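The chains referred to below are lettered A, B, ... by the order of the sequence lines, with proteins before strands, and numbering in each begins at 1. As the structure is a computational prediction, the values presented were derived from the model and not from experiment.
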Amino acid sequence: MAGAYIPNEIETRWQQRWEAAEAFRADDADPRPKKYVLDMFPYPSGDGLHLGHVENYTISDVVARYARQRGFNVLHPMGWDAFGLPAEQYAIENQVHPRDAVARNVGIFKAQMQRMGWSYDWSREINTTDPDYYKWTQWIFLKLHEKGLAFMAEVPVNWCEALGTVLANEEVIDGKSERGGHPVVRKPMRQWLLKITEYADRLLEDLDGLDWPSHLKQMQREWIGRSEGADVTFTIGDEHEFTVFTTRPDTLFGATFCVLAPEHPLVDGITTDAQRSGVDEYVAKTSRRSERDRMADVKTKSGVFTGAFATNPVNGAQIPIWIADYVLMGYGTGAIMAVPGGDQRDWEFAETFDLPIIRTVAPPEGFDGQAWEGEGAAINSGFLDGMQVPEAKRTMIEWLEEKGVGSARVTYRLRDWLFSRQRYWGEPFPIVHREDGSYAALPADALPIRLPDVASYKPTGTGESPLAAVEDWVRTTDPADGAPALRETNTMPQWAGSCWYYLRFADPFNTSAFCSKERDEQWLPVDVYVGGVEHAVLHLLYARFWHKVLFDLGLVHTQEPFQRLVNQGMILCPSYQTEENGSYLRIEDVEIRDGTPYVKATGRPAYSIVQKMSKSKKNVINPDEIIREFGADTLRLYMLFMGPPDADKLWDRSGIQGVYRFLNKAWRLVVGDDRREPRPRTSDATSGAARHALHTAIHGVTQDMEALAYNTAISKLMVLLNAMGDLDTIPEEMVDAFLRMLAPFAPHMAEELWSATDREGFASLADWPTYDESALKTDTEEYAVQVNGKVRGKLVIAAESPDEAILAEAVALANVAEHIAGKTLVKQMVVRGRLVVLVVK
RNA sequence: GCCGAAGUGGCGGAAUUGGCAGACGCGCUAGGUUCAGGACCUAGUGGCCUUCGGGCCUUGCGGGUUCAAGUCCCGCCUUCGGCACCA
């Protein structure tokens, strides 16, 4: 008899043994086929792991452990994405240097990760803030610069006052910062940009070959936003001309006015004196409005006539030129031809300002809407009349090109990637500015450009990084000629370090390259990448871009970094608010009576909604408490048992009992507890029903493992354990296979029982069991007998019985006979192994 | 507004190509066991009806195809996610 199952004791012991034996180390010299299983590495925040991490990393851990047991040489590394805003914000809030805060938080994270029993190869741990690491981030930047993909420009940027920095388009959501939700305004500033647009087509096309969730690919496609159309040049008298971009060149005959963005450079020059004051006022008003305000009233159309007229190149018509803020300077050419008959926005504008409307595509019979944006035959369009839209487009583009007033063109929603930040905690640029205003990239041997210590690392708010105040760091010389120069004081954004970290894991200590050709070829691409959907258009797009650049430079051998991507669902949890003022309540301060939540202190009802866990909603569950109470194995198992990996999951701790009981049951069966002897085992071969149960389980669990259907895999292990519990003596073979299959999910329990039953080595590294096809069959089969679609009886018959025998027994069943009595049998068939179909009239 | 995903017992969720809806677990009910238990064991558990043989209903709603529909087709509703004046 053994003692009770005490998870904490067992788990820490096995964690130490795995570590001492370096059980999960990925060996470069191992000749077996490789499997690279990667997590999106975390920002080590001060709060430690949350349940989202636990879910993410448990899924990948099971993938990695299963792959090991299937004989793969597995690379499953972990590291820290520690530069950037979250780390810096935390440091400012807690009055510590970011470096110290990162070191401390990394310690917390790592201890928690090890406590979960995740099988990382810690010998490859990396940290993006380590100079040995960011040296190579800077080096890759130099490569981008050499290729002409990094450049400086005065551009309207997203300036966030509260964060004291500019942000990338991807970091701005609804006019607010992705982090913190602070207001963001447009403001022109001189900034570094990366030409991701040059890769737009490849980023789009290569999505097809990736094994990613389709909705995620769709998000990237939409973000890139490729649209095909044409540029059309309009002239204004003899002096000016401007170009518009349109996806509907076929509707050019219906262009009854043009609209320029208020920021369009031509606006000032073409405005007539009579319209001057109105135009100036509108332009000023627009520039004061934030992006957010501009988006807030999409419904109402505003605009001002410039007094100028443009010549429609297709028919010479003089059409008025307006300015309006629904035309964006940052997209296309910042100018449009307005076709109210074929575009609802233009229709609304035309109605508001009483401008003419001409239909150029015949709407379908009975159409009583406004603009018709669909297919149809061209009308009122001269040489296009009668053509369907696609043909009309082609014909118009040919005409425009022939006349030299337009051409086919593709535009993208994707903009170049704004790559500089006015913050302290990021990679410095390997760039110096010379006195003559030019700048120079530093040579590779000058790297790393270390981040200096500063007195204050808080944002200055002036648009300059805190680094600008570090005189002796800023003042330097251009190594090319020794002339005085100033260092670039912007830093790289958070995403820089994570753009290539997956490559560094393959070769973490290389001092002469970011990753050697050999290691790249050995380990890349990542076979399974597990992480949240929140990175769909940020990290995942940026990393693909860098990877393609590295590919073009011949530095990596694959076009894409992440072959298969798995998105875990979100963990949702009820949050509680007072009904009075909506302030959030901690879960401990709420009690549930008859399914209704009440505020404990006041006894008044509380308002509850289910949403994503977040600190501000006070609905965060701390994994440490669950581990303390039930152990890591139970938490791992429960996380997976709640539902499929990609589904959102409602956190409800009442279900934990189920998986905890399952582990206890396994424990008692194999080693017993303080009251019960373990179940006797036998080395005799498994036979009969037990054999069938065993092989069905192996077959089913294996299938589920391949499909990442871990919730059903666990349920099949439960079925197997229940079957073992029904036996007086358990065949050793069953215990063996059970433990091997338990190992990826509850590795500590598996190890403990593995060693308690005198098995050699680690269960975590034991081969995956195989099943015998013949054992999946049973001697008898059960058939449901349907009469006119309803089950009227069941019969058990020897397997492989001929159809005739089955049908004969089926019609002989008492209840079946009753239902067919006095009627004509019009159809009878047997669905092998399942049912008998009888149709009567 | 546009695009995408999803709606199955009291709850989380299962269901190859259309083939016995509700696996597994939680919860609940009854019994056993225990000094005790938020422990363990056994049995039951979608709803309604029942002469205890069985019958009828049931996968968001309404139609349809089929011997047979959670699964396929048509039309709606709801929820979640993404995009949001992108020309």
Side-chain angles (χ1 to χ4, degrees), chain A residues 4 173-174 213-216 218-219 221-223 225-227 229 244-248 251 259 294-295 297-301 324-328 330-339 342-346 348-349 411-415 533 536-537 569-570 572 595 610-611 637-638 641-644 646-662 664-665 668 673 675-676 700 703 709 711-719 722 725 782-794 814-815 818 826-829 831-841:
Chain A
I173 295 164
D174 287 343
S214 58
H215 71 278
L216 198 140
Q218 197 51 35
M219 281 170 74
R221 283 192 195 104
E222 282 168 9
W223 191 264
R226 180 188 155 98
S227 70
V244 304
F245 172 71
T246 176
T247 53
R248 296 292 303 275
T251 62
V259 186
R294 267 171 87 160
M295 285 191 292
D297 58 354
V298 200
K299 301 272 178 290
T300 54
K301 290 274 176 290
D325 66 2
Y326 82 95
V327 175
L328 310 173
Y331 184 76
T333 58
I336 63 160
M337 62 181 215
V339 185
D343 183 296
Q344 186 59 28
R345 293 158 303 179
D346 296 343
E348 285 162 17
F349 193 87
T411 42
Y412 301 90
R413 203 184 84 114
L414 182 72
R415 322 277 175 88
V533 72
V537 288
M570 277 188 297
L572 308 171
V610 170
Q611 52 188 332
L637 222 32
Y638 185 53
F641 188 62
M642 278 195 294
D646 57 352
D648 288 347
K649 291 162 204 73
L650 180 63
W651 178 257
D652 172 12
R653 57 169 290 153
S654 63
I656 299 178
Q657 287 297 341
V659 290
Y660 187 59
R661 274 179 206 148
F662 165 68
N664 270 289
K665 209 183 279 185
R668 276 196 306 275
D673 63 10
R675 232 175 294 167
R676 265 164 291 225
Q703 265 189 351
N711 54 332
T712 50
I714 292 166
S715 91
K716 280 162 192 156
L717 289 175
M718 288 173 168
V719 172
N722 290 342
E782 195 192 55
Y783 284 87
V785 183
Q786 285 185 354
V787 180
N788 287 357
K790 293 197 187 284
V791 179
R792 298 302 182 184
K794 299 202 171 176
N815 195 43
E818 232 171 85
V826 296
K827 187 173 186 176
Q828 52 179 338
M829 60 182 287
V831 181
R832 295 303 311 191
R834 291 178 186 274
L835 75 154
V836 177
V837 174
L838 302 170
V839 183
V840 295
K841 258 203 275 198

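Distance noted for atom P between B:rA30 and B:rG81: 41 Å (whole Å). Across the P atoms, B:rC24 and B:rG18 are found 26 Å apart, a figure rounded to whole Å. Taking atom P on both nucleotides, B:rG22 is separated from B:rA5 by 28 Å, rounded to a whole Å. B:rG60 and B:rG9: their C1' atoms are spaced 15 Å apart (whole Å).
Residues satisfying the side-chain hydrogen bond (donor to acceptor under 3.5 Å, both in side chains) criterion with A:Arg832, sequence neighbours excluded, are A:Asp803. Judged as a side-chain hydrogen bond (donor to acceptor under 3.5 Å, both in side chains), and not counting sequence neighbours, A:Trp651 has no contacts. With sequence neighbours left out, the side chain to side chain contact (heavy atoms under 4.5 Å, CB included) criterion links A:Asp646 to A:Pro644. Scanning for side chain to side chain contact (heavy atoms under 4.5 Å, CB included) contacts around A:Gln218 gives A:Arg221, A:Glu222, with sequence neighbours left out. A search for side chain to side chain contact (heavy atoms under 4.5 Å, CB included) contacts involving A:Val826 returns A:Val839, A:Lys841, not counting sequence neighbours. For A:Tyr638, the side-chain hydrogen bond (donor to acceptor under 3.5 Å, both in side chains) criterion is met by no residue, not counting sequence neighbours. In terms of the ring-ring contact (aromatic ring centres under 6.0 Å, His included) criterion, A:Tyr331 has no residue partners (sequence neighbours excluded). With sequence neighbours excluded, the residues satisfying side chain to side chain contact (heavy atoms under 4.5 Å, CB included) with A:Asn722 are A:Lys665. Among residues two or more places apart in sequence or in another chain, the side-chain hydrogen bond (donor to acceptor under 3.5 Å, both in side chains) test is passed with A:Arg248 by A:Asp250.
Residue A:Lys301 places a side-chain atom within donor-acceptor reach of the base of B:rC85, judged by atom type and a 3.5 Å distance cut-off alone.
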Contact letters for nucleotides 36-56 of chain B, in which S counts primed atoms plus P, OP1 and OP2 and B counts the base, heavy atoms under 4.0 Å: -BBSSS------------SSS
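Relative to the side chain of A:His215, the nucleotides B:rU17, B:rG25, B:rG4 differ in distance, and B:rG4 lies closest. The A:Val831 side chain lies nearest to B:rG19 when the options are B:rG19, B:rG12, B:rA87. In the set B:rG19, B:rA14, B:rC24, B:rG19 carries the atom at the smallest distance from any side-chain atom of A:Leu835. Distances were taken from every side-chain heavy atom of A:Glu222 (C-beta onward) to each of B:rG25, B:rA87, B:rC83; the shortest belongs to B:rC83. Counting only heavy atoms from C-beta on, A:Arg413 has its side chain closest to B:rA84 among B:rA23, B:rA84, B:rC24.
At least one side-chain heavy atom of A:Leu637 sits less than 4.5 Å from a side-chain heavy atom of A:Ile714. In this structure the side chain of A:Thr251 reaches within 4.5 angstrom of the side chain of A:Met337, judged on heavy atoms.
Side-chain nitrogen and oxygen atoms of A:Ser227 include at least one within less than 4.0 Å of the OP1 or OP2 phosphate oxygen of B:rA87. Proximity of A:Arg221 to the phosphate of B:rG82: no side-chain N or O atom is located under 4.0 Å from OP1 or OP2. Phosphate proximity of B:rA23 to A:Asn711: absent, as no side-chain N or O sits under 4.0 Å from OP1 or OP2.
In RNA chain B, runs of at least 3 stacked Watson-Crick or G-U pairs (N1-N3 plus N6-O4 or O6-N4, or N1-O2 plus O6-N3, all under 3.5 Å) give these stems: B:1-7 with B:77-83, B:10-12 with B:24-26, B:27-32 with B:40-45, B:46-49 with B:54-57, B:60-64 with B:72-76.
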Short heteroatom pairs, N/O only, protein and nucleotides 63-67 of chain B, under 3.5 Å:
residue, atom, partner, partner atom, Å
B:rC67, O2', A:Gly789, N, 3.4

